[in-house]
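Down below is the structure, laid out as structure tokens.
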Amino acid sequence: MNIFRLLGDISHLLAIIILLRKIWMSRSCAGISGKSQLLFGLVYTTRYLDLITSYISLYNSVMKVVFLAASYATIYLMYVKFKATYDHNHDTFRIEFLVVPAVALALLINHDFQVVEILWTFSIYLESVAILPQLFMVSKTGEAESITSHYLFALGVYRGLYLLNWIYRFWAEDHYDLIAIVAGVVQTVLYCDFFYLYITKVLRGKKLQLPA
Amino acid sequence: ILNSFQKDEL
């Protein structure tokens, strides 16, 4: 474990908690993409299967349970409890265009053609694009509540910190995983224009308004 | 082949 990965995990946890709390407190999921949340649920489910089989550390197991539980809770709140507030009209990204290529790529490019490894690889590829429906929705609505932008910022920073973690691990432990790194770079790059807007607008107290 | 280090990351 290193400080970059720890801060990354904390940022990731913070993002998930911010979102869950926002939906629960406002009893509404307006402005949130349910499709992205479904994709994140799929990412954690396919990646954390080893929760049952392999034990790495208490921290690792606890965080996996928390991520899975929070992800499913968010999906439940969005599609069941506060279903009436779900914004179907703006959450229109075709997620099959993300899932199918991720499956194909996981079958083509992986470290080992085993079920668990393929599922892990699929989850890595899918996670790198899972935020697209949310970013697409923000661009369609033209704005995002500040709490939603804090969620997106924390979520974007988490994988950016993981990039630093991988640099550190390459330097300190002399190993690296190119699949995770390439997908992590793609994932972080997707947030760049949002980071720009967040830093130039939201941090100055303005609402996140995308140029129409 | 790049060693896919043991999945100790979240």
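In what follows, every chain begins at residue 1, and chains take the letters A, B, ... in the order their sequences are listed.
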remark   = Note: Arg47(A) and Leu10(B) closest approach over all heavy atoms is NH1-O, 3.5 Å
inquiry  = Looking at Tyr79(A), I want to see if its OH is surrounded by more than 12 non-hydrogen atoms of other residues, nucleotides or ligands under 6.0 Å.
reply    = yes
ask   = Can a donor-acceptor pair be found between the side chains of Asn60(A) and Glu9(B) at a distance below 3.5 Å?
value = no
inquiry  = At a 4.5 Å cut-off on heavy atoms, which part of Tyr44(A) comes close to chain B: side chain, backbone, both, or neither?
reply    = neither
